[in-house]
Every structure is written in structure tokens, then in C-alpha cells.
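Remarks on the structure that follows.
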Amino acid sequence: MSYFLKIESADSGVVRLGLLKPTLLLLANGESLVQISTNLKRSKKTIGNRLKVASRLNLVTKFQREYFLTDFGNNFLSEGDSIINDRFSQKQLEILTKFVMENPFFSPVTFTIFSIIESVFVLSKSNYPVLFHKLRDYFIESIGKASTWKQEKAKDTATYIFSNYACELQLLAKVRNHFYLTPLGIHAILLLQLNRSIKLIESQK
């Protein structure tokens with residue numbers, strides 16, 4: 001039972017998952033964090049943050065202060081082009097969506113993506129579509145960050161970032177600041193409930 005109490009939501013992220021692409025492509029070419037930072041004209045902190053998010057999606061791994069693509073990361077990149085931009089291919093997004101859906105408790109990032117989808121699901125029972133500010137307040141409370149992200153700006157930013165992730169993965173849809181569950185999103189919620197049940201059963205052994 002304590003498994004669910006130990007899961008912590010992600011406290012950092014990039015604005016969109018597509019922004020990971022240039023960093024991943026340069027990493028695939030053997031470049032270090034410093035070299036990637038220089039080539040992309042971004043701070044080492046920014047690149048480090050992108051690599052941290054990528055690691056929480058099983059795309060990269062860290063060994064002795066160096067980052068490397070995982071097998072999953074290599075397969076993921078092989079399904080797209082090598083153009084340095086911030087757009088993943090449709091196939092890449094489908095692969096990433098499949099991984100997230102099958103591994104809701106893999107990391108704080110996957111867990112938080114599911115948390116925002118579940119927040120829309122719960123709120124949709126009373127009002128649908130779900131307004132951004134309604135989602136923000138419930139989402140922040142549900143992941144236990146109300147005392148951490150106290151400022152309105154911090155709450156807005158966190159909700160904006162993780163709702164972007166969910167929309168990129170086609171688990172949510174956003175129209176004029178209103179959120180809708182997609183068919184994939186509903187399927188993801190069912191998988192989340194199934195995985196929760198499995199974890200609870202395992203905890204009793």
C-alpha cells in the first residue's frame with residue numbers, strides 16, 4: 001500500500017515534449033551535455049533538465065555523469081527524421097504514448113501525466129469540458145503539491161506543462177482553454193486502474 005504514498009509528482013519539465021528532439025539527436029551523435037549546450041545555445045541547466053525528462057521517459061540513461069540513449073531511445077529516434085527541430089513524427093508520438101500508457105508508474109513524469117488525465121476524468125463527471133482553472137486547482141491538490149507550488153504562476157505553469165504533454169501524446173485535447181478526454185485518454189485511465197489493482201495485489205504478497 002505504501003507504494004502509492006512513495007510516488008512523487010515531477011517537479012520540473014520542458015514546456016513541450018517536442019523540445020527534447022534536438023537534444024536527443026545530438027546525444028545520438030555522441031555529443032556531451034556541454035557540447036549540446038553550446039550547439040543549441042542553451043544553458044547546461046536547460047539541457048540537463050531536458051535530459052532528466054528524457055530519462056524519466058526511458059529515452060536516455062545516465063552512467064558516471066554521462067547520458068546515453070537507451071535501446072528504447074534509439075528505436076524511438078529511428079522512427080523520425082534527423083532534422084534539428086522541435087517536432088516528433090506521428091510514429092514517434094505513438095511509440096511514446098504506448099510506453100507511457102503501459103508504464104504509468106515508471107517515473108514521476110509518467111505518473112504526473114496520468115494524474116492530469118485522471119483529473120480531467122474526475123472533473124468531467126460534473127462539468128464537461130473541463131476549464132483550465134478548474135483542472136489546475138484539482139490537479140495540484142491531487143498530486144500533493146498545493147504547499148510546494150503556492151504561487152498562482154507556479155500552479156499555472158505546472159498545469160500548462162503537463163497538459164501539453166498529455167495533448168502531445170493525444171491523451172487529452174484542448175480547445176479554447178477547455179480540456180476533453182480523447183478515446184486514447186479514456187483507455188489510459190482504464191489501464192491506470194488496472195495497474196493500480198496489480199500493484200495493490202502485489203503489495204499483499
Side-chain angles (χ1 to χ4, degrees), residues 3-24 42-60 86-88 93 96-97 99-101 103-182 184-186 188-189 191-193 195-196:
Y3 176 86
F4 298 103
L5 299 177
K6 294 176 181 177
I7 301 174
E8 291 188 3
S9 185
D11 56 4
S12 60
V14 295
V15 176
R16 292 190 303 103
L17 293 176
L19 293 172
L20 299 176
K21 183 183 176 184
T23 299
L24 293 174
R42 295 288 186 272
S43 69
K44 288 192 291 184
K45 181 179 179 180
T46 296
I47 300 303
N49 190 43
R50 290 182 182 181
L51 289 169
K52 185 177 180 180
V53 172
S55 71
R56 289 175 167 179
L57 291 170
N58 196 33
L59 295 168
V60 303
D86 60 357
R87 293 180 180 276
F88 287 131
L93 290 174
L96 198 54
T97 299
F99 174 80
V100 171
M101 288 178 66
N103 300 276
F105 306 120
F106 177 80
S107 72
V109 168
T110 58
F111 172 70
T112 310
I113 291 171
F114 265 88
S115 295
I116 201 160
I117 299 166
E118 189 170 38
S119 295
V120 173
F121 175 73
V122 172
L123 292 171
S124 69
K125 295 177 182 180
S126 56
N127 289 287
Y128 194 72
V130 179
L131 282 168
F132 179 88
H133 74 276
K134 294 279 189 181
L135 174 60
R136 178 199 62 198
D137 295 342
Y138 184 86
F139 167 63
I140 298 300
E141 288 286 348
S142 71
I143 60 176
K145 288 291 186 177
S147 60
T148 305
W149 296 331
K150 295 180 180 179
Q151 301 297 322
E152 292 300 304
K153 183 178 180 181
K155 294 178 182 180
D156 286 345
T157 299
T159 306
Y160 177 73
I161 286 174
F162 285 100
S163 63
N164 279 351
Y165 292 0
C167 289
E168 280 183 276
L169 298 175
Q170 300 176 354
L171 299 169
L172 290 179
K174 182 181 179 183
V175 179
R176 297 190 186 91
N177 235 23
H178 290 72
F179 290 93
Y180 298 80
L181 281 165
T182 65
L184 265 180
I186 295 171
I189 291 297
L191 286 176
L192 174 64
Q193 293 171 346
N195 276 282
R196 273 201 187 119

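We count residues from 1, following the sequence as given.
- Of all the heavy atoms in Ala188 and Phe114, the pair that sits closest is O-CE2, 3.2 Å.
- With rounding to the nearest 0.5 angstrom, the CZ atom of Phe179 is 11.5 Å from the CD1 atom of Ile117.
- In this structure, Leu17 and Leu57 have side chains that are in contact, with non-hydrogen atoms separated by less than 4.5 Å.
- The environment of Tyr160 atom OH is sparse: at most 12 non-hydrogen atoms of other residues, nucleotides or ligands sit within 6.0 angstrom.
- Side chain of Glu168 to main chain of Gly18: a donor-acceptor pair is present (N/O by atom type, distance under 3.5 Å, no hydrogens or angles).
- When side chains are defined from C-beta on, Leu169 does not count as touching Met101, because their heavy atoms never get closer than 4.5 Å.
- For the pair Leu20/Arg50, a side-chain contact is recorded, criterion being any heavy-atom separation below 4.5 Å from C-beta on.
- Between the side chain of Asn177 and the backbone N or O of Phe132, no donor-acceptor pair lies under 3.5 Å.
- The closest donor-acceptor contact from the side chain of Tyr165 to the backbone of Thr110 lies at 3.5 Å or more, if one exists at all.
- Within a 6.0 Å radius of CD in Glu152, more than 12 heavy atoms belonging to other residues, nucleotides or ligands are found.
- Classified by interplanar angle (parallel below 30°, tilted 30° to 60°, perpendicular above 60°), the ring pair Phe111/Phe105 is tilted.
- Residues Leu181 and Ser124 have side chains in contact (heavy-atom distance under 4.5 Å, counting atoms from C-beta outward).
- Separating the OG1 atom in Thr157 from the NZ atom in Lys155 is a distance of 12.5 Å, to the nearest 0.5 Å.
- Taken to the nearest 0.5 Å, the CG atom of Leu135 stands 12.5 Å off from the CG atom of Asn127.
- Panel note: side chain Thr112, backbone Ser115; no donor-acceptor pair is recorded below 3.5 Å.
- In this structure, CD1 in Ile161 is found 11.5 Å from CD1 in Ile113, a value given to the nearest 0.5 Å.
- Using a 4.5 Å heavy-atom threshold, the side chains of Leu171 and Ile116 count as separate.
- Side chains of Phe88 and Leu24 form a contact here, defined as non-hydrogen atoms less than 4.5 Å apart.
- Annotation: side chain of Phe139 is not in contact with side chain of Val120 (no heavy-atom distance under 4.5 Å).
- Within a 6.0 Å sphere centred on NZ of Lys134, other residues, nucleotides and ligands contribute 12 heavy atoms or fewer.
- Inter-residue side-chain proximity for His178 and Leu131 is flagged as met; some heavy-atom pair is nearer than 4.5 Å.
- One N or O on the side chain of Thr182 and one on the backbone of Gln170 form a donor-acceptor pair closer than 3.5 Å.
- To the nearest 0.5 Å, atoms CG (Asp86) and OG1 (Thr23) are separated by 11.0 Å.
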Query raised in the report: side-chain contact (heavy atoms from CB on, under 4.5 Å) between Ile189 and Gln193: does it pass, once the steps are laid out?
Result: CA-CA 6 Å; Ile189 291 297; Gln193 293 171 346; 3.8 Å; yes
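- Distance CD/Glu118 to CG/Leu192: 5.0 Å, rounded to 0.5 Å.
- Of the possible polar contacts, none joining the Ser55 side chain to the Val60 backbone as a donor-acceptor pair under 3.5 Å is found.
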